[in-house]
Amino acid sequence: MNLNATLIAQAVVFLVFVVFTMKFVWPPITVALDERAKKIADGLAAADKAKTDLANAEKRAVEELKSARESATELRSGAEKQANQLIEDARAEAARIVAAAREAAEAEAAVAAQRAREALREQVATLAVAGAEKILRKEINAQAHADLLAQLKSEL
Amino acid sequence: MSTEHAAEHAVAHAPNAGEYVAHHLTYLNTTGHKQTALVDWSVLNIDTLFFSIAMGVVGVGLLWLAARKATSGVPGRFQGFVELLVEMVSDQAKGIIHSETSRKFVSPLALTVFIWVFFMNAMDFLPVDLLPRIWEGIYGSMGGDPHHAYLRVVPTADINATFGMSFTVLLICLYYNMKIKGVGGWIHELFTAPFGSHPVLWPVNFCMQLIEFAAKTISHGMRLFGNMFAGELIFMLIALMGAAWTGFNAPSILLFFGHFVAGLAWTLFHILVVALQAFIFMMLTLVYVGQAHEGH
């Protein structure tokens, strides 16, 4: 247990090691530790943010789906209405065309009947004249009896 | 190892137990022989300085290796271990010293103290005769007298080393006393604390303060020195049991067995002492510097 200059040398060595540790050992390690702590905190915050973002996105998706469904329903009912309208219109048009066709046919038939009647009248007159000729056994002057024939024609 | 060396020693030079222990307790100093004066500022213990610097380079170097490649990403095992040490010291420092700026110096100080003292203490785990015998061989081959090849391998078993550190801690405490309280404030505290500011109490207070500083510093250095010196001494006494080997006879075999059992038990217990004393030295350093920050 003798004291000597080793004491002072040891103190100097001690301070040198302390300064070395302070300059080259402590700062890099504490910086690394702090940085890692920050990274972890950031990561946790990002995870939280992502979670809320996801929840928001899901909510939005549900809303979008709902509105899409609504607009689809609206569209479908509109289309149905329009289709019904179209069918109604077509039906009315068809009815109109059928009526017009029937009318035209009826008119044509009437004209034809009239014509037939006319023709018949002519033939009836001729037949009547021929019949009368046969009955009277004499030539009838068509000219003289024209009035009579016309009267007969109109009576038919 | 120690058994063989001690036995050879006994056969070759036949020193008695007292001579063996005395030889082992003599420092390799700049004079080449045992220091006789209690205090001699012209002498340096080369062995203490060599091993303390070597252990400091190893300990602080290991920390530096980890710090050099420190990454804030995923740390390796080695970096993780060093980070564990740093966190431990940092937590202790935060609990004791509340000034952020002081901690920038005091935390690395505490880490250095812990790692350095641990490695210096751990020199005790080497077989007690290993390095001295190697040095005897080197010294002898250099033409020296092997009988005077002294070497002590545990720097903390040298009171110069422990006092060198505890005095440095004292100087740091005085610096922080003046820095935190101001020179005037500190001198005021020296004379008015702990008993009061009445002028009659000034000398009493001042004496108390001096005793406090002296007691703190001396007990700080003495505690570590005492533990390590005693540990080393007991390793020598255990080695002596094996050194009493005289052939295959009952007492020799019994003593050899005793050497083995006691050596194992003391080494295992010493693992605790080495780590604990390093931790205590660090904690006391922090506590003393912390006290310098607080007014009475």
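Remember, it's a predicted structure, so these values are computed and weren't measured experimentally. Keep in mind that the numbers below use all heavy atoms, side chains included, and drop hydrogens, waters and symmetry copies. A note on names: the letters A, B, ... follow the listed sequences, proteins ahead of strands, and every chain is numbered from 1.
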Trainee: Does CZ belonging to Phe125(B) count more than 12 external heavy atoms closer than 6.0 Å?
Mentor: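 Buried by this count: over 12 neighbours within 6.0 Å.
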Trainee: A quick test of your reading: do over 12 heavy atoms of other residues, nucleotides or ligands sit less than 6.0 Å from CD of Gln82(A)?
Mentor: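 No - once you tally the heavy atoms of other residues, nucleotides and ligands closer than 6.0 Å, there are 12 at most.
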Trainee: Donor-acceptor pair, distance only, cut-off 3.5 Å: does the side chain of Asn2(A) make one with the backbone of Ala37(B)?
Mentor: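 Flag set: sc Asn2(A) to bb Ala37(B) pair under 3.5 Å.
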Trainee: I'd like a table of donor-acceptor pairs (distance under 3.5 Å, sequence neighbours excluded) in which one partner is a side-chain atom from residues 55-72 of chain B, with atom names and distances.
Mentor:
| unit_1 | atom_1 | unit_2 | atom_2 | d |
| --- | --- | --- | --- | --- |
| Thr71(B) | OG1 | Gly73(B) | N | 2.8 |
| Ser72(B) | OG | Glu35(A) | OE1 | 3.0 |
| Ser72(B) | OG | Lys39(A) | NZ | 3.2 |

Trainee: When rounded to the nearest 0.5 angstrom, what distance separates CZ in Phe105(B) from OG1 in Thr21(A)?
Mentor: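 Here the interatomic distance stands at 10.0 Å.
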Trainee: Counting only non-hydrogen atoms closer than 4.5 Å, does Asn29(B) touch chain A with its backbone (N, CA, C, O), its side chain (CB onward), both, or neither?
Mentor: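 Neither; nothing under 4.5 Å.
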Trainee: Would you find more than 12 non-hydrogen atoms of other residues, nucleotides or ligands less than 6.0 Å from Phe50(B) atom CZ?
Mentor: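 Open.
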Trainee: Taking the side chain as every heavy atom from C-beta outward, state whether Val89(B) and Trp26(A) have any atom pair closer than 4.5 Å.
Mentor: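 Contact flag for Val89(B)/Trp26(A) side chains = yes.
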Trainee: If you measure from CD on Glu83(B) to CG on Leu33(A), what distance do you get to the nearest 0.5 Å?
Mentor: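 Between Glu83(B) CD and Leu33(A) CG, I get 4.5 Å after rounding to 0.5 Å.
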Trainee: Can you check side chain to side chain contact (heavy atoms under 4.5 Å, CB included) on Trp116(B) and Val13(A), steps first, answer last?
Mentor: CA-CA 11 Å; Trp116(B) 194 25; Val13(A) 172; 3.8 Å; yes
Trainee: Side chains of Thr168(B) and Leu15(A): closer than 4.5 Å at any heavy-atom pair?
Mentor: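 Yes. Closest side-chain heavy atoms under 4.5 Å.
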Trainee: Look at Ile172(B), Leu25(B), Val39(B) and state which one has the largest set of heavy-atom pairs under 4.5 Å with chain A.
Mentor: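 Highest number of heavy-atom pairs under 4.5 Å: Val39(B).
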Trainee: For residues Pro75(B) and Arg36(A), determine if any side-chain heavy atom of one lies less than 4.5 Å from a side-chain heavy atom of the other.
Mentor: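 When only atoms from C-beta onward are counted, Arg36(A) and Pro75(B) do touch, with a gap below 4.5 Å.
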Trainee: How long is the span from the OG1 atom in Thr6(A) to the OH atom in Tyr27(B), to the nearest 0.5 Å?
Mentor: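 Here the rounded value is 8.5 Å.
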Trainee: Counting only heavy atoms not in Gln114(A), do more than 12 sit closer than 6.0 Å to its CD atom?
Mentor: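 Result for CD/Gln114(A): enclosed.
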Trainee: Below 4.5 Å from any heavy atom of chain A, which atoms of Ser107(B) appear? Answer side chain, backbone, both or neither.
Mentor: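 Contact with chain A involves both backbone and side-chain atoms of Ser107(B).
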Trainee: Does the side chain of Asn4(A) come under 3.5 Å of the side chain of Asn45(B) through a donor N or O and an acceptor N or O?
Mentor: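 Result is yes, a qualifying pair exists.
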Trainee: Highest number of heavy-atom pairs under 4.5 Å with chain A: which of Gly164(B), Ser166(B), Ser42(B)?
Mentor: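 Most heavy-atom pairs within the cutoff with chain A belong to Gly164(B).
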Trainee: Output the distance between atom CZ (Phe14(A)) and atom CG (Leu171(B)), rounded to the nearest 0.5 Å.
Mentor: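 Interatomic distance, Phe14(A) CZ to Leu171(B) CG, rounded to 0.5 Å: 10.5 Å.
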Trainee: Have Thr48(B) and Gln10(A) got a donor and an acceptor in their side chains that come within less than 3.5 Å?
Mentor: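 Side chains of Thr48(B) and Gln10(A): no pair found under 3.5 Å.
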Trainee: Output the distance between atom CZ (Phe17(A)) and atom CG (Leu111(B)), rounded to the nearest 0.5 Å.
Mentor: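 Nearest 0.5 Å value for the CZ-CG distance: 13.0 Å.
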Trainee: Report which part of Thr162(B) has an atom under 4.5 Å of a heavy atom belonging to chain A: side chain, backbone, both, or neither.
Mentor: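 Neither part; nothing is under 4.5 Å.
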